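First up is the structure itself, then whatever we jot down about it.
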Amino acid sequence: MHHKDSPFVIYGTSISPGLGQGITHVHQDLLGPIDVPVDIPHNQVEQELARLDFATAGISNDLVTLATRVEKEIDLRLSEVFGSHQLMLNDPLLQQELRQEVIDNLVSASSAVKAVFLRWERRFLTLESQFARDKGDDMRDISIRLHNALVGVTVHPLEEIPQGCVLIASRLLPSDTVFLSDRAISAVLLEYGSSGSHAALFVRQMGVPCLSGIPDLMKTVPADVLALVDADAGNVTLRPEKRQQAIFHQKVETKAQAYRLAIENARGPAVTLDGIKISVVANVGSDHDTQQAMINGAEGVGLYRMEQAYLGRTEPPSTAELVAEMTQVLAAAKGRSVCVRLLDVGADKPLPFLAFFAESNPALGRRGIRLLLEYPELLRTQLRAVLELSGEFDVRILIPMVTLPEDIVAVKDLLLPLCCEMHVGVPKIGAMIETPAAALSSKAIARHVDFLSFGTNDLTQYTCAADRENASVERYFNDASDPIFRLLSLVHEDVPHMPLSVCGELAGRPEHVAKLLTCGIRTLSVAAPLIPIVKEAIRNCSIYSD
Ligand code: PEP
Ligand code: MG
């Protein structure tokens, strides 16, 4: 153990980069261990059941409000989380088990909530997959909400945390994130939480540095001490000495200066030292993303993810609805090139209005273009919407999860008649290269497309046989590893004249930019905040000469 008051360093995995310092604030879990259930007499059963119904209905409403707030203030994808909480809360099996607990054991509604949710949460947490574990977090989140409603607590514990603190928590639940959005948190340290978790998505979106996977965090880190969090290097110095503070401040200043420089230059083109112009475009999902991207100097949109327009709906959007949604999201990029990716959902992200078959291996099942080809009307609606946009934007179509050249041919068979019907030119078409099969058949695929875009997130998942959402195989998921760069080079060698871009996370990591360019990549599509530093990285490298 460290001596009381002496500095010490702990290590974790970075799930959101950056530097932050502040006073530690330890956030204990509210629900805590189960305490003695509160017994009720027979004649109070009806009353407890009514309280349960009342609380459930109230929370269902709260969740809708919350989803709207998150959508506006934070991120569209995160708002979905609360939609799914509402579904989970109203799950007939869960509701039945809650009622049965009150009736059989003669306990209060709050005691029933604690007992039943703990059972459900445990069921999820003992499962191997990260997906199931995240569901365990969701269960706990809902149970806290329901429990609080029953006992009349209306304040969220994070509503009280001090500005600028370093938050220490066992894990971060989705609804915690909403309360954090109002506060200027310096950094977050977590015992659990993978880089694919909701918490990780959120902290990255907010630009809050975060380290996770710190064993015994809650026991080791004292409250109310100064912490210097270096989420770039993966360490935290607690109770630092003056000398350590000075070094840290120097690091913060150097980084801030580099960022200021990058922002100043962001609007200018990105040209390598040996004079090659590289296109830097943006990955977007909301209007906020597109606005931010344009401010930061994006030349267009390299990947518009349209999933948000579909998820959580009971009926698919019509062409007009889709056009309205796309026009809103892409408005800030009017007149520029925008690359619309066709809907990329599948068995792991089911759509309520499509027949759902449980697949034992959803990532290898009917997702992306495979699903769309099964539902041609769904695909036609998207193609029509894209064609309607072609008057105001220079639109391109990107096809997700391609494995065979036939995937593209099938899309074109639907697209060409629509172009004639609507009297518009045929837009440029690109294939996402995110399966090894697509990379290895680029020659055959290239015959049917105008450009290729590497989705390195999925390409890594399929090449390394490592689920991108599963923290326990994170070691195998390395998107900057030799096998990935080899596939990129191979494609460049096979189709040297084909425009190549990368739109996976790898494109946004400045340290790998030079290598990507030597693999023939000439367009990088990255999240809006990364555009300035990616452009700077391009300006500092040369492709053909050292
Ligand atoms: C990818 O797989 O790299 C990609 C860009 O698509 P998504 O992350 O949406 O699957
Ligand atoms: Mg992908």
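As the structure lists them, so they are numbered: ligands from 1, and atoms in each ligand from 1. The shown structure was predicted, so the numbers you read here are calculated from the model rather than taken from an experiment.
- Using a 4.0 Å cut-off to heavy atoms of C503, the atoms of ligand 1 that qualify are 5 (C).
- R384 places a side-chain heavy atom less than 4.5 Å from the side chain of R380.
- Heavy atoms of L459 found under 4.0 angstrom from ligand 1: none, in either backbone or side chain.
- Within E434, OE1 is the N, O or S atom that lies nearest to the Mg ion (ligand 2).
- Here the protein heavy atom with the shortest distance to atom 6 (O) of ligand 1 is R341 NH1, 3.0 Å.
- Of the candidates E505, E434, R468, Q461, it is R468 that places a heavy atom closest to atom 8 (O) of ligand 1.
- Below 4.0 Å from some heavy atom of L303 lie the following atoms of ligand 1, by number and element: 5 (C).
- Of all atoms in ligand 1, listed by their number and element, those nearer than 4.0 Å to a heavy atom of R305 are 4 (C), 5 (C), 6 (O), 7 (P), 8 (O), 9 (O).
- Counting only heavy atoms from C-beta outward, the side chains of K255 and D232 approach each other to under 4.5 Å.
- Sorting the N, O or S atoms of D458 by how far they are from the Mg ion (ligand 2) puts OD2 first.
- A salt bridge links K277 to E299: at least one charged side-chain nitrogen sits closer than 4.0 Å to a carboxylate oxygen.
- Side-chain contact of Q292 with D289: a donor-acceptor pair under 3.5 Å is absent, judged by distance alone.
- Counting only heavy atoms from C-beta outward, the side chains of S170 and E191 approach each other to under 4.5 Å.
- Note on D458 versus R468: salt bridge recorded, some NZ/NE/NH1/NH2 to OD/OE distance being below 4.0 Å.
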